[in-house]
Amino acid sequence: MGSKTLFKWPKQITNSLVEQLIKAEKDVHKAVLMFDSATAEYGNGFRHDHKTFGLMISRLITVNQFRSAEGMLERMKQENCKVTEDIFVTICRGYGRVHRPLDAIRVFHKMEDFQLRPTQKSYVTILDILVEENHVKRAISFYRGMREMGIPPSVVSLNILIKALCKNNETIDAALQIFREMPNRECQPDSYTYGTLINGLCRLGKISQAKEIFREMEQKGFSPSVVTYTSLIHGMCQSNNLDEAISLLEEMKRNGIEPNVFTYSSLMDGLCKGGLSFQAMELLEMMVRKHHLPNMVTYSTLINGLCKEGKLSEAVEILDRMRLQGLKPNAGLYGKIISGLCAACSYQEAANFIDEMLLGGIPPNRVTWSLHVSMHNKVVRGLCNNIDSPRAFQLYLSMRTRGISVEIGTFDCLVKCFCKRGDLHKAARILDEMVLDGCIPDEGLWNVVMGGLWDRKKVREATELLLAELKQKIVESES
């Protein structure tokens, strides 16, 4: 009934009009009502064709309403409407987008129910989805099935197959073999073929082979993309070929290819791992001048490199720049700063960063739990050893409030610290909580506590008086 008031149709309804209205309607639910009302409003014989059905299915797929989209397919079958391969491809790609490759395959096989024979377009769509989802064995098997059905290889399908074979060391040689045989199959490799191989070889650490393919690519007149350059630069940095990586960056610029944030980040990572964090910072400035905004990977790389070299003030400066850019540091980044400060015995500052992290809305969770436990215990022990007992106790209380595990070594440091300062009340409290947590104090810790109690004047005087009275009674009994 709602469909009758949704839109006032003219007496003559055309498929092109329905298409225009469905495209213009932003609300998919209303678009479906409009689609249904076109055939319900008048008994004038209007019927949807494959174009209006296809458009409606595409709209449903866009908002992940897959069941409704497949329901439209069945409706097309019931109404004897022509179903095209493109409609099936649309649904398959939608499932691929939401990482449901098995549903994509199911819909692919459903084409048989509609007397449709899949062409290379459908096979390539499924093949690409399987490779993107790392279903390598299934992708290779699917490719063989495609060939058995008489679908000839193409540059596109072979590129996808090569991409699948480049995923691991066991199949990379097969990828290279297919690459060499492509001309015999009347399929000339293109720039994507070369780029895929170079990326795969670099990820597997086969840098010398990647460089050979790269030079061959240039000799054949193909221009490497920024992605291809970045893959090779990253691979060179991973294998400590920093000079070659820097030379390749310069070659990029000479060839008019602008490095992107990933290119700069890869090179910075190599420089930081090589102990050249200051050069990495210079690269950061160059990157910013080129109006490339650094990302989390860029900042994390720099902070890690600077902390490893003990350049903590510079690392903190980078952290501040990151926050000014609107990026929120994660627990891992804070962990690197805090570990660096602990290594430099700057435990008070490390404790301040823990407070900042927690106040900034980065509490412990399932992923960062062990990191928080490690950081907190390390800082508390450091504060104890540096005789900052108030700060150590404050952080200890924060740990207990948040349920962060206190290690037995931390309990030990805290008790000894407060006994040494004569604060036996806190020492006793911590000792009690230690036992409640299932940590058993050893003999040495008990001796420290007893020694602390003995050193208290009142306890000592009372004990001496008691001993004197006992001696007097012994003397009296003997006489």
Side-chain angles (χ1 to χ4, degrees), residues 226-227 229-231 233-234 237-238 242 245-246 249 252 258-376 378-379 382 395 398 402 404:
V226 64
V227 175
Y229 271 112
T230 301
S231 296
I233 286 172
H234 182 71
C237 288
Q238 293 300 304
L242 289 177
I246 293 168
L249 180 70
M252 276 183 78
E258 183 64 34
N260 60 24
V261 62
F262 302 105
T263 318
Y264 284 112
S265 296
S266 294
L267 196 48
M268 283 182 207
D269 183 53
L271 290 167
C272 286
K273 285 177 179 174
L276 301 170
S277 57
F278 269 127
Q279 280 185 245
M281 289 185 71
E282 289 173 4
L283 207 57
L284 174 69
E285 300 305 331
M286 182 192 300
M287 178 181 174
V288 172
R289 285 197 300 272
K290 295 285 186 178
H291 305 291
H292 294 296
L293 280 179
N295 58 19
M296 284 289 290
V297 174
T298 314
Y299 285 119
S300 180
T301 295
L302 274 172
I303 289 170
N304 190 38
L306 289 165
C307 287
K308 280 183 178 179
E309 294 179 36
K311 297 167 183 171
L312 297 173
S313 60
E314 291 84 354
V316 172
E317 180 187 331
I318 295 296
L319 191 73
D320 291 337
R321 285 181 63 166
M322 178 183 176
R323 285 185 291 219
L324 285 171
Q325 191 180 310
L327 295 174
K328 185 178 180 180
N330 56 26
L333 277 180
Y334 273 110
K336 288 168 185 174
I337 297 281
I338 291 165
S339 293
L341 290 168
C342 288
C345 297
S346 300
Y347 294 104
Q348 286 86 355
E349 195 173 352
N352 292 339
F353 269 100
I354 286 181
D355 290 342
E356 181 183 306
M357 175 177 62
L358 296 172
L359 291 170
I362 310 176
N365 58 37
R366 184 172 55 83
V367 177
T368 63
W369 178 260
S370 60
L371 178 62
H372 274 274
V373 170
S374 173
M375 283 190 295
H376 279 77
K378 186 185 293 184
V379 174
L395 192 55
S398 174
R402 298 176 189 278
I404 297 170

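Evaluation of the side chain to side chain contact (heavy atoms under 4.5 Å, CB included) rule for Ala344 yields Leu312, Ser346 as partners, not counting sequence neighbours. Scored by the side-chain hydrogen bond (donor to acceptor under 3.5 Å, both in side chains) test, Tyr299 finds Gln325 as partners (sequence neighbours excluded). Residues forming a side chain to side chain contact (heavy atoms under 4.5 Å, CB included) with Val316 (at least two apart in sequence, or on another chain): Asp320, Ile337, Phe353. Here Glu356 pairs with Arg323 under the salt bridge (charged side-chain N to carboxylate O under 4.0 Å, His left out) rule; sequence neighbours left out. Partners of Glu309 according to the salt bridge (charged side-chain N to carboxylate O under 4.0 Å, His left out) rule, which considers only residues two or more places apart in sequence or in another chain, are Lys311. Glu285 is linked by a salt bridge (charged side-chain N to carboxylate O under 4.0 Å, His left out) to Arg321, counting only residues two or more places apart in sequence or in another chain. Checked against ring-ring contact (aromatic ring centres under 6.0 Å, His included), His292 has the following partners two or more places apart in sequence or in another chain: Tyr264. Taking Thr368 as the reference, Ala331, Asn365, His372 meet the side chain to side chain contact (heavy atoms under 4.5 Å, CB included) condition, with sequence neighbours excluded. Here Val261 pairs with Ser265, Met287, Asn295, Thr298 under the side chain to side chain contact (heavy atoms under 4.5 Å, CB included) rule; sequence neighbours left out. Take Thr263 and apply the side-chain hydrogen bond (donor to acceptor under 3.5 Å, both in side chains) test, not counting sequence neighbours, and it matches Thr230, Asn260.
Here CG of Leu267 is found 10.5 Å from CG of Leu276. Values are rounded to the nearest 0.5 Å. Rounding to the nearest 0.5 Å gives a distance of 13.5 Å between CD1 of Ile303 and NZ of Lys308. Atom-to-atom distance recorded for Met268:CE and Leu284:CG is 4.5 Å, nearest 0.5 angstrom. Atom OG1 of residue Thr301 and atom CD1 of residue Ile318 lie 11.5 Å apart, to the nearest 0.5 angstrom. For the atom pair CD of Glu349 and CG of Leu341, the computed distance is 5.0 Å after rounding to the nearest 0.5 Å.
Between Arg402 and Leu358, some side-chain heavy-atom pair lies under the 4.5 Å cut-off. Considering only heavy atoms from C-beta on, Tyr347 comes within 4.5 Å of Cys342 through its side chain. With contacts defined as side-chain heavy-atom distances shorter than 4.5 Å, the pair Ile338/Lys378 does not qualify. By the 4.5 Å heavy-atom criterion applied to side chains, Ile362 and Asn330 are not counted as neighbours. Counting only heavy atoms from C-beta outward, the side chains of Val226 and Glu258 never approach each other to under 4.5 Å. Counting only heavy atoms from C-beta outward, the side chains of Leu319 and Tyr334 approach each other to under 4.5 Å. Cys237 places none of its side-chain heavy atoms less than 4.5 Å from the side chain of Leu271.
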message = Would Leu249 and Leu283 count as a side chain to side chain contact (heavy atoms under 4.5 Å, CB included) here? Give the steps.
response = CA-CA 11 Å; Leu249 180 70; Leu283 207 57; 4.2 Å; yes
message = I'd like to know whether Met357 forms a side chain to side chain contact (heavy atoms under 4.5 Å, CB included) with Met375, so could you lay out the CA-CA distance, the side-chain angles of the two residues, the decisive distance to 0.1 Å, and finally the verdict.
response = CA-CA 11 Å; Met357 175 177 62; Met375 283 190 295; 3.5 Å; yes
request  = Take Leu333 and Met322, measure what side chain to side chain contact (heavy atoms under 4.5 Å, CB included) needs, and give me the verdict at the end.
outcome  = CA-CA 11 Å; Leu333 277 180; Met322 178 183 176; 3.4 Å; yes
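Residues in residues 363-376 take part in no salt bridge (charged side-chain N to carboxylate O under 4.0 Å, His left out) pair, two or more places apart or across chains. Here salt bridge (charged side-chain N to carboxylate O under 4.0 Å, His left out) pairs that include residues 261-276, with residues two or more places apart or in two chains, are Asp269-Lys273.
Under 3.5 Å, the side chains of Ser300 and Lys336 contain a donor-acceptor pair of N or O atoms.
A distance-only check finds no donor-acceptor pair linking the side chain of Ser374 to the backbone of Ser370 [under 3.5 Å].
For the residue pair Cys272 and Gly305, the shortest heavy atom distance occurs at CB-CA, 3.8 Å. In terms of heavy atoms, Val379 sits closest to Ala350 at CG2-CB, 3.9 Å.
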